[in-house]
Amino acid sequence: MAVQPGNILEIDALSVTYRVRGKTVRAMNAASLTVRDGEAVGLVGESGSGKSTLARVSLGLIPRKIARIESGRILIAGRDATRFSETEWESLRGDPVAMVFQDPLTYLNPVMRVGPQIAESVRRHTPELPLDQRVEELLELVKLPSVVTRAYPHELSGGMRQRALLAVALGCRPRLLIADEPTTALDVTTQAEILALLKDLRRRLGMAMLLISHDLGIVASACERIYVMYAGHTIEWGGAGAVFQTPAHPYTVGLLRAAHAVRNAEGRFATIAGDPPNLAELPPGCPFVPRCSHALAECSRDMPERFDARSGDPHSVRCWLYEKPGLGFDRAGTG
Amino acid sequence: MEPLLALQNVSKTFRRSGGSVVHAVRGVDLEVGYGETLALVGESGSGKSTLGRIALGLLKPDQGRVMLAGKCLNELPPDELRLARTAMQPIFQDATASLNPRRSARELMAQALRGRPQAIEQRAIALLDSVGLRPGAEYLPRYPHELSGGQRQRLAIARALAVEPKLVIADEPLSGADVSIRGQILNLLIGIKEERGVAYLMITHDISIARAFADRVAVMMQGEIVETGPAKEVLSAPRHSYTKQLVAAVPMLDAPVNAGALEAGD
Ligand SMILES: Nc1ncnc2c1ncn2[C@@H]1O[C@H](COP(=O)(O)OP(=O)(O)O)[C@@H](O)[C@H]1O
Ligand SMILES: Nc1ncnc2c1ncn2[C@@H]1O[C@H](COP(=O)(O)OP(=O)(O)O)[C@@H](O)[C@H]1O
Ligand SMILES: [Mg+2]
Ligand SMILES: [Mg+2]
């Protein structure tokens, strides 16, 4: 595919449902997200907010029997992939878009040594290169010793497995790497090593990354732009500084306060009252309304398209509160 | 005053199937005072869970003594040991694994409560209420799979409290929980401590939680305690190089500057 800088991934008002025991679970609701070439984008939200669905649908990996794209579009490097067949998706996996997951063991072949698995991914995507040399390079890139080529996945530590899976993914030379909770199963020190590796790889390979985590600290430390997801909606996005330091959506504000583990005058930690909504019974309007102390009448009717920061910095929020003048945001298209 | 829990020169070695040995815990001395919250931190594999299991009497140390309220657990006859053990209750990371899936909340609570059936029912409801499963009566017939992750952890906590422990040993009770649930569970533990004066031994790899939640912290590395002291001090200005590394590994978030323009607009 000819590489011209642009949007490697564009999710445009995408809605995805799962049919589960006669119920319709609305996992993504007109969610939008863009990743430009070379850029590190973070996606945060609580578990069940639809992050993994967004990651999987971007690779055509949602289970076709029960999952359905209801509306919206997926563009991969400018091509509309929304209605792609399995064969068409197959041609996009690995190159230009590759993915790593929380549990590498599920995605590595348990009865095959690590070396041949990396070699296979290289062979499929860049057959012209000398194989052994390329495998060596990849191991070096992910900082694994070459003895690992002869190991089986279960013989490796959690951190080494994640590195091995990364080597397999990078074997395809992706323009975009989607990493879905890549460090969640690891302890803090290994987590820090893998994060440092991801940052290093991105810099060296100039590839774009979509880093998904329920851990705000991780995403904040590694990404330039951030999207916040709640109940299948992308509710706020913008530069990492803007979103983390001056959050706009009441949910983002609550989430950041809760993440910032500090006790108040009564000795209590900040929480968000109530529970996340049941995605099989979503009411109309903003899904955060039942937990929101600022909610207005219109919030239960529908969700605004978006309000953009007047400062011109990239920062947008989908919340009716920002219709009020003086809060530094303008309705999209009116500014 | 003697401490509530004292581990004295405790060691534990495991033999792996291949024949190699792991010195999981090496000559550890550790005390938890009445009503105190101690955080035990360290990277995975450093021996925290093994130490926790030894304290709970679930694992016999190769060497050393476990003293609870001045009594040596290793030397107690079985019936006294059982009684002494109820003074300590565990909470684990995975509430699903510690709750029998075939038992309803009513049965799980009754197992822990013991006594006249009617009194049990009332106390079970009160306990469920107190951990935020309200109204408690509505949760009695529910099975673990009918609860959310956060609700299951609350049920596990309610059951641990049913025996009125003096010490709760919590092994990574919040790993995997979302930040909003994390705060709810921590606040629940803080409330319980204020009401009943229980002590906590909180095993965690989350440095920011240890710093904010605990009175004191012990840092474990390769089976040994390498640094202890007031949690805020040790985790804000660590002395030991290993503690420094642990603290530096955690990506820290600054507090959001504004609460959005929201509050200005109120
Ligand atoms: N394969 C699936 N079958 C049925 N429901 C699913 C499936 N995958 C995800 N869901 C549901 O979709 C919603 C979003 O899940 P997911 O995308 O995994 O969120 P996250 O990654 O943010 O935790 C949840 O309610 C989840 O139960
Ligand atoms: N039952 C066991 N058999 C063999 N080795 C064990 C056993 N339990 C723990 N270990 C080993 O002891 C060390 C300490 O483990 P653990 O106490 O679980 O550490 P932590 O809780 O700090 O992650 C590790 O190397 C672990 O592999
Ligand atoms: Mg997920
Ligand atoms: Mg452990």
Side-chain angles (χ1 to χ4, degrees), chain A residues 45-49 157-158 184-193 195 214-222 243-250 252-263 266-276 291 293-294 317 319 321-322 324 326-329, chain B residues 41-46 48 132 147-151 172 174-191 193-194 204-213 221 232 235 242 245-266:
Chain A
E46 295 181 67
S47 58
S49 58
S157 69
T184 302
L186 306 172
D187 70 276
V188 274
T189 30
T190 318
Q191 185 171 305
E193 286 166 17
L195 265 184
H214 71 285
D215 187 327
L216 297 142
I218 284 182
V219 163
S221 75
V243 172
F244 283 118
Q245 268 137 52
T246 56
H249 198 286
T252 318
V253 173
L255 194 66
L256 279 163
R257 285 200 178 140
H260 190 248
V262 165
R263 289 159 75 167
E266 286 84 50
R268 294 303 193 270
F269 289 91
T271 61
I272 301 174
D275 295 309
R291 306 171 80 180
S293 54
H294 301 276
V317 61
C319 173
L321 293 172
Y322 291 87
K324 200 161 157 185
L327 295 184
F329 282 80
Chain B
V41 303
E43 66 185 330
S44 86
S46 55
K48 306 182 298 295
L147 302 173
S148 73
Q151 290 172 332
E172 306 275 8
L174 307 160
S175 310
D178 282 305
V179 282
S180 61
I181 292 164
R182 200 175 73 179
Q184 291 173 10
I185 300 285
L186 286 171
N187 288 346
L188 174 61
L189 295 177
I190 292 167
K193 177 172 163 162
E194 286 171 359
T204 178
H205 65 265
D206 190 327
I207 303 292
S208 55
I209 292 291
R211 173 166 30 211
F213 182 69
M221 177 181 96
K232 277 191 195 59
L235 298 176
Y242 174 75
Q245 261 180 45
L246 271 185
V247 173
V250 185
M252 290 297 277
L253 280 176
D254 294 329
V257 176
N258 66 348
L262 287 185
E263 262 141 41
D266 275 351

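Residue numbers begin at 1 in each chain, while the letters A, B, ... track the order of the sequences.
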Select one option (side chain, backbone, both, neither) describing which atoms of A/Ala270 are under 4.5 Å from chain B's heavy atoms.
backbone
Take atom NZ of B/Lys232 as the centre, draw a 6.0 Å sphere, and report whether it contains more than 12 heavy atoms from other residues, nucleotides or ligands.
no
Which bit of A/Ser221 is near chain B, if near means a heavy-atom gap under 4.5 Å: side chain, backbone, both or neither?
side chain
Assert top hit (heavy-atom pairs under 4.5 Å, partner chain A, pool B/Gln245, B/Arg211, B/Arg182) equals B/Arg182
When you look at A/Ser47 and A/His214, which way does the side chain to side chain contact (heavy atoms under 4.5 Å, CB included) test go after all the steps?
CA-CA 7 Å; A/Ser47 58; A/His214 71 285; 5.8 Å; no
Before giving the answer on side chain to side chain contact (heavy atoms under 4.5 Å, CB included), spell out for A/Asp215 and A/Gln191 the whole-Å C-alpha distance, their side-chain angles and the decisive distance to 0.1 Å.
CA-CA 12 Å; A/Asp215 187 327; A/Gln191 185 171 305; 4.2 Å; yes
Using a cut-off of under 4.5 Å on heavy-atom pairs, state which of A/Ala273, A/Pro276, A/Ala259 scores highest against chain B.
A/Ala259
Passes side chain to side chain contact (heavy atoms under 4.5 Å, CB included), B/Thr204 versus B/Phe213? Steps please.
CA-CA 11 Å; B/Thr204 178; B/Phe213 182 69; over 6 Å; no
Quick check on the interface: out of B/Gly45, B/Gly183, B/Ala212, who has the most heavy-atom pairs with chain A under 4.5 Å?
B/Ala212
Given side chain to side chain contact (heavy atoms under 4.5 Å, CB included), test B/Ile190 with A/Phe269 step by step and report yes or no.
CA-CA 10 Å; B/Ile190 292 167; A/Phe269 289 91; 3.7 Å; yes
